[in-house]
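When a ligand or atom number is given, it counts from 1 through the structure's own listing order.
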Amino acid sequence: MNQIVEDKLSKQNLVSVVEEELNATQIIDIHTHLYKPSLGAVGLWGIDELVTYHYLEAELFRSDDIAPEKYWALSKREQADLIWRTLFVENPPISEATRGVVAVLQALDLPTEGRDLSEARKFYAGQTLEAHIGKVFRLAGISEAVMTNDPLDPAEAPLWKDSPPHNLFHAVLRLDRVLEKWPEHWQKLQAEGYRVEQNPTPATIAEVRRFLADWCKVMEPVYMAVSLSDDFAFPENSIRAQLLRDAVLPACREFNIPLSLMIGVRRQVNPAIRLAGDGSGKADLRAVENLCREFPQNRFLASLLSRENQHELCVYSRKFANLMPFGCWWFLNNPSIVEEITRERIEMLGMSFIPQHSDARVLEQVIYKWRNTRRTMAPILANSYALLTEDGRPVTREHIRHDLDRLFRKNFQKFCGVAN
Ligand code: FIX
Ligand code: ZN
């Protein structure tokens with residue numbers, strides 16, 4: 001790193017310099033459920049989607065005695081009105097998810113204390129998606145968002161025909177339906193002309209490889225991804241393990257992209273509340289250990305859903321350079337837990353990890369999720385630099401800028417082979 005002679009920062013002004021440099025860093029959001037404009041038909045944006053986010057639906061069911069089936073019978077607008085009244089008018093929006101909506105409204109200069117959503121709905125009536133995306137990304141301080149793209153999603157797949165690349169978005173080939181739900185989906189591949197059967201025979205494996213290659217050519221994904229249940233094991237005697245070993249990992253090597261392992265979901269612990277009904281469980285990370293050791297030519301992004309798995313993920317990341325921990329996922333994306341996870345990652349991994357992703361499902365969520373990340377991370381980073389200064393090594397603004405660029409851009413770009 002070329003040494004620029006700079007003022008050595010005192011402990012007092014470390015926090016303000018870290019905050020300034022965090023605000024100036026254009027972040028790459030490496031996992032979202034957002035979509036480029038040409039896939040806009042499946043993308044979510046606007047006040048009614050923001051207020052009916054599944055995190056808020058879960059909180060509604062705790063604060064109102066409405067039965068889920070009655071809620072599901074309401075229109076999207078009626079659902080949003082009920083959530084707004086219950087979680088924002090009758091009660092203070094003090095949770096992470098409700099406060100996030102307030103932060104978005106403030107950032108968009110919309111009323112945050114309204115008795116209803118009429119002002120916000122009037123604002124959105126005048127917005128066009130592409131211009132709004134640019135404004136929201138600027139407010140969030142992100143330069144790009146990485147999507148989640150499922151070739152077996154009947155709503156999304158047809159939209160990829162003639163869908164042009166977009167400079168603000170990267171694609172990801174999402175494989176839950178192939179790896180986690182093969183029995184329910186192999187016939188979809190067959191219907192598309194891939195000569196597969198339910199048993200993963202060598203011929204079926206070859207056709208799954210062809211399916212993956214065809215979609216890699218269409219999407220040009222920066223990585224492949226799968227969300228795996230908390231009981232994921234590898235090796236194991238299962239179709240999932242065989243498809244992973246014989247089709248997905250070779251395809252990742254063929255296209256030189258990582259596989260993102262998101263492990264720990266306990267699907268539909270309460271089906272009555274639909275997308276809000278997923279839970280979390282501690283995983284056995286020997287699966288990750290075995291994958292990293294047995295496939296050194298593969299690279300693995302990893303984000304785990306259980307707080308109890310985080311420290312051992314740091315230990316494994318010290319053992320395997322082909323393992324990149326990322327984000328404080330889903331139920332972990334709360335300041336109290338982000339602080340613990342980020343501090344132990346810095347202590348054990350230096351700046352060789354990817355601290356956060358937004359997981360945004362609704363476009364405007366990136367505004368609050370990245371405001372929270374910057375607010376939570378500034379004192380953590382300043383503390384790390386204060387300790388370094390105390391122990392004898394002065395820190396400059398250039399050092400901080402270099403580290404933030406690694407954390408929020410270069411580690412992803414290098415690990416996924418994405419150009420700057
Ligand atoms: O599997 C995933 O990508 C999860 O992030 C989502 O399914 C989850 O619902 C979510 O949006 C969490 O924030
Ligand atoms: Zn996600």
Ignoring angles and geometry beyond distance, decide whether Asp359 reaches within less than 3.5 Å of ligand 1 through its nitrogen or oxygen atoms. yes
| task | Count the heavy atoms belonging to other residues, nucleotides or ligands that lie under 6.0 Å from CZ of Arg99, then report whether that count exceeds 12. | result | yes
A student comparing His357, Met262, Lys369, His54 should find that the heavy atom closest to atom 9 (O) of ligand 1 comes from His54
The Zn ion (ligand 2) -> His31, closest N, O or S atom is NE2
Q.
Evaluate His33 for polar contact with ligand 1, using N/O atom pairs at a separation under 3.5 Å.
A. yes
Nearest heavy atom to atom 6 (C) of ligand 1, choosing from Gln365, Arg267, Arg361, belongs to Arg361
Any side-chain donor paired with an acceptor under 3.5 Å for Asp214 and Tyr194? yes
(Q) I'd like to know: is the Zn ion (ligand 2) within the 2.8 Å range of an N/O/S atom from His33, strictly under that distance? (A) yes
The atoms of ligand 1 lying under 4.0 Å from a heavy atom of His31, numbered in the order shown, are 3 (O), 5 (O)
Near Ser227 (heavy-atom distance under 4.0 Å), the atoms of ligand 1 are 1 (O)
Ligand 1 atoms nearer than 4.0 angstrom to some heavy atom of Tyr55 are 12 (C), 13 (O)
Among the N/O/S atoms of Asp359, the Zn ion (ligand 2) lies closest to OD1
Report task. State whether a side-chain donor-acceptor pair under 3.5 Å links Ser118 with Asp116. Result -> yes
Open item on the list: Regarding Glu207 and Thr204, do their side chains bring together a donor and an acceptor under 3.5 Å, going by distance alone?
Closed with: no
**Study point:** Short side-chain donor-acceptor distance under 3.5 Å, Glu20 and Asn23
**Key:** no
When you compare the side chains of Arg406 and Gln413, does any donor N or O come within less than 3.5 Å of an acceptor on the partner?
no
- Which of parallel (below 30°), tilted (30 to 60°) and perpendicular (above 60°) describes Trp215 and Trp160? perpendicular
